[in-house]
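One structure, pasted below without further comment.
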Amino acid sequence: MTYSGEVTVGGPADVHELKDLMITKIAVGPMDNNCYLLRCRATDEQLLIDAANDAESLVGMIGDDGIASVVTTHRHGDHWQALARVVEATGARTYAGREDAEGIPVPTDVPLDDGDVVRVGQVELTARHLVGHTPGSIALVYDDPHGHPHVFTGDCLFPGGVGNTRKDPQAFASLIDDVETKLFAVLPDETWVYPGHGKDTTLGAERPHLPEWRARGW
């Protein structure tokens, strides 16, 4: 089956099979949050991005192999509703952006700064600190040595624009600047984008619209 990235709450997960990494996407909760389970194909170690809601479904998706770690992309409550129960069930290490850790009720074992590396088995993900949606939002970039990069953007980048900055011009300027310089300026058009809600996209699909986003201010 070809991966589409289109998932619905209560529906089946979708699996993106890469040579070294398997990415399972599921939608959960009343705000249609995306959660991503990453599995290193060499070691079978697993990492979860955003234990957003519905701990039972997430633990079922994780399975008997458990997870070594869980990354929370940012402090907003819809992205950590199931975090305590998932950590209790799996004993996973917790990661989050340093500036957002205090806003997450489950203690962060490993605070992340821009450029830090998060490992899942033999696979490396690079944290990119994107300021504006929250002070400590983190995107994770997997630069696939066998193909194009993949980036998990939380609520910082979606099809059609950057994340909500609550009509704050300074927050919007900060977020779009960070997204441009740390993602669009350094990653190719083929880069696959996995957002915190809704459908996936690519940097190439969104790049032509950057001036339009800046002009409209959101």
Heavy atoms of other groups near Arg41 CZ, more than 12 under 6.0 Å: yes

4.5 Å side-chain heavy-atom contact, Pro30 and Asn53: yes

Between Ser137 and Asp155: side-chain donor-acceptor atoms closer than 3.5 Å: no

Euclidean distance, His133 NE2 relative to Arg166 CZ, rounded to 0.5 Å: 6.5 Å

Heavy-atom closest pair, residues Asp200 and Gly5: OD2-CA, 3.6 Å

Side-chain donor-acceptor contact under 3.5 Å, Asp78 with Asn33: yes

Gap separating the OG1 atom of Thr24 from the CG atom of Leu48, nearest 0.5 angstrom: 10.5 Å

Pairs involving residues 171-180, ordered by first then second residue, that meet salt bridge (charged side-chain N to carboxylate O under 4.0 Å, His left out) (sequence neighbours left out): Asp177-Arg214, Glu180-Arg214

Test item: Glu102 and Asp100 side chains (from C-beta on) under 4.5 Å apart, heavy atoms: no

Contacts of type ring-ring contact (aromatic ring centres under 6.0 Å, His included), residue His16, not counting sequence neighbours: Tyr3, His150, Trp192

All salt bridge (Lys or Arg N to Asp or Glu O under 4.0 Å) counterparts of Arg216, not counting sequence neighbours: Glu212

Side-chain touch His129/Glu99, heavy atoms, less than 4.5 angstrom: yes

Gap separating the CZ atom of Arg75 from the OG1 atom of Thr108, nearest 0.5 angstrom: 10.5 Å

Cluster check Leu130, Leu140: I/L/V/M/F/W/Y, side chain < 4.5 angstrom: no

Counterpart residues, ring-ring contact (aromatic ring centres under 6.0 Å, His included), relative to His197 (two or more places apart): His79

Set of salt bridge (Lys or Arg N to Asp or Glu O under 4.0 Å) partners for Arg119, sequence neighbours left out: Glu124

Sequence-distant partners of Glu56, side-chain contact (heavy atoms from CB on, under 4.5 Å), two or more places apart: Asp54

Met22, CE atom: more than 12 neighbouring heavy atoms under 6.0 Å: yes

Residue pair Thr134, His76: steps toward the side-chain contact (heavy atoms from CB on, under 4.5 Å) verdict: CA-CA 8 Å; Thr134 66; His76 287 162; 3.4 Å; yes

Reported CG-to-CG distance for the pair Leu157 and Leu203, which is rounded to 0.5 angstrom: 7.0 Å

Within 6.0 angstrom of Trp213 CH2, more than 12 heavy atoms from elsewhere: yes

Which atom of Thr202 lies closest to which atom of Asp189, heavy atoms considered: CB-O, 3.7 Å

Verdict with reasoning, Val15 to Ile23, per side-chain contact (heavy atoms from CB on, under 4.5 Å): CA-CA 6 Å; Val15 181; Ile23 302 166; over 6 Å; no

Electrostatic pair Lys19-Asp144, nearest N-O below 4.0 angstrom: no

Thr43 vs Gln122 side-chain heavy atoms within contact, under 4.5 Å: yes

side-chain contact (heavy atoms from CB on, under 4.5 Å) against Ala171, all qualifying residues, sequence neighbours excluded: Thr165, Asp168

pair Val7-Ile26: side-chain heavy atoms closer than 4.5 Å: no

Evaluation steps, side-chain contact (heavy atoms from CB on, under 4.5 Å), between Thr73 and Ile138: CA-CA 5 Å; Thr73 57; Ile138 290 291; 5.6 Å; no

Side chains of Gln46 and Cys40 in contact at under 4.5 Å (non-hydrogen atoms): no

From CD1 (Ile49) to CG (Leu125), nearest 0.5 Å: 6.5 Å

side-chain contact (heavy atoms from CB on, under 4.5 Å) assessment of Arg39 paired with Asp44: CA-CA 6 Å; Arg39 185 183 187 97; Asp44 287 333; 3.3 Å; yes

Side-chain heavy-atom pair Leu37, Ile67 within 4.5 angstrom cut-off: yes

Shortest non-hydrogen separation from Pro195 to Asn34 and the atoms involved: O-ND2, 3.0 Å

With Ser69, the side-chain contact (heavy atoms from CB on, under 4.5 Å) member among Leu47, Leu38, Asp109: Leu47

Minimum heavy-atom distance between Leu58 and Ala52, given as atom pair plus value: CD1-N, 4.1 Å

Non-neighbouring partners of Thr201 that pass side-chain contact (heavy atoms from CB on, under 4.5 Å), sequence neighbours left out: Pro159, Val193, Ala205, Glu206

Close side-chain approach of Asp114 to Arg128, heavy-atom, < 4.5 Å: yes

Common cluster, Val106/Tyr95, ILVMFWY with side-chain heavy-atom separation under 4.5 Å: no

Given Thr126, Asp20, Val118, the one that forms side-chain contact (heavy atoms from CB on, under 4.5 Å) with Tyr142: Asp20

Salt bridge (Lys or Arg N to Asp or Glu O under 4.0 Å) partners of Asp143, counting only residues at least two apart: none

Minimum heavy-atom distance between Cys35 and Asp50, given as atom pair plus value: SG-O, 2.9 Å

Linked, directly or transitively: Val87 and Val110 (ILVMFWY side chains, under 4.5 Å): no

Linked, directly or transitively: Met61 and Val86 (ILVMFWY side chains, under 4.5 Å): yes

Which residues share a side-chain contact (heavy atoms from CB on, under 4.5 Å) with Glu88, sequence neighbours left out: none

Same cluster (ILVMFWY, side-chain, under 4.5 Å), Leu187 and Phe158: no

Cluster companions of Val9 among Ile, Leu, Val, Met, Phe, Trp, Tyr (side-chain spacing under 4.5 Å): none

Minimum heavy-atom distance Gly103-Pro105, with the two atoms named: O-CD, 3.9 Å

For Phe152, ring-ring contact (aromatic ring centres under 6.0 Å, His included) partners two or more places apart: Tyr36, Tyr194

Spacing of Cys156 atom SG and Lys182 atom NZ [to the nearest 0.5 Å]: 10.0 Å

